[in-house]
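Worth knowing before you read on, the calculation uses all heavy atoms, side chains too, and leaves out hydrogens, waters and symmetry mates. Residues: numbered from 1 along the sequence shown.
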Amino acid sequence: MDHDNMHNMPPPSSSMMNNGSMNGGGGDHHKMMLMHMTFFWGKNTEVLFSGWPGTSSGMYALCIIFVFFLAVLTEWLAHSSLLRGTSGDTANAASGLVQTAVYTLRTGLSYLVMLAVMSFNAGVFIAALAGHAIGFMLFGSRTFRNRSGDRETKDLLPASGCAC
């Protein structure tokens, strides 16, 4: 297959630009939306849903907050005891189903955050990173972990086993 000839392809026809199809017809009200393929700053974007947040500053702020909390929730589910199960439990179908449901929810939320970041909006990207960072600090790091709480002391040691 010769990819060098792709440079000489003609631009899309005006009917393609008017209604998004090659067969013509339609009016100017069906303009194709061009998607950003590089990071950009600005509130005029679409994230997750068609037309959302649009051009409204308030809706863009809500979008940023929504993506932030999606990332925090993802980290909470990743580090929750619901996913690990309790140490004294014997394996049973009910706990396996709960773990599977939590894992599925966490994976779905992770994909939503990823799709939001694929809007290529720098503010959404920073909100997702901040949400994951804060979520990990709260639920995954040792910062707020209760040393005499529900986790065993082996979980408090580094992976190498030394307490350095």
message: Less than 4.5 Å apart, side chain to side chain, heavy atoms only: is that true for Ile64 and Phe68?
response: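 SC-SC contact between Ile64 and Phe68 ruled out.
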
- request: Kindly indicate whether the side chain of Val72, heavy atoms from C-beta on, has any atom under 4.5 Å from the side chain of Phe139.
  value: yes

From [X] atom [atom1] to [Y] atom [atom2], the distance as rounded to the nearest 0.5 Å:
X      : Y      : atom1 : atom2 : result
Thr104 : Leu97  : OG1   : CG    : 10.0 Å
Met59  : Thr45  : CE    : OG1   : 13.0 Å
Leu109 : Met114 : CG    : CE    : 12.5 Å
Ser80  : Glu75  : OG    : CD    : 11.5 Å
Phe125 : Leu129 : CZ    : CG    : 4.0 Å
Thr143 : Phe136 : OG1   : CZ    : 8.5 Å

message: Please evaluate residues Leu73 and Phe69 with respect to the criterion side-chain contact (heavy atoms from CB on, under 4.5 Å), reporting the C-alpha separation (whole Å), side-chain torsions for both, the decisive distance (0.1 Å), and the verdict.
response: CA-CA 6 Å; Leu73 183 60; Phe69 281 113; over 6 Å; no

Exercise: identify the closest heavy-atom pair between [X] and [Y]:
X      : Y      : value
Gly51  : Glu46  : N-OE2, 3.1 Å
Val67  : Val124 : CG1-O, 3.9 Å
Pro53  : Val47  : CD-N, 3.8 Å
Arg106 : Thr74  : CG-O, 3.8 Å

field: Pairs flagged by side-chain hydrogen bond (donor to acceptor under 3.5 Å, both in side chains) wherever residues 55-72 is involved - sequence neighbours left out
entry: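 Output for this query lists Tyr60-Asn121.
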
statement: So the side-chain hydrogen bond (donor to acceptor under 3.5 Å, both in side chains) pairs with at least one residue in residues 61-73 (sequence neighbours excluded) are none

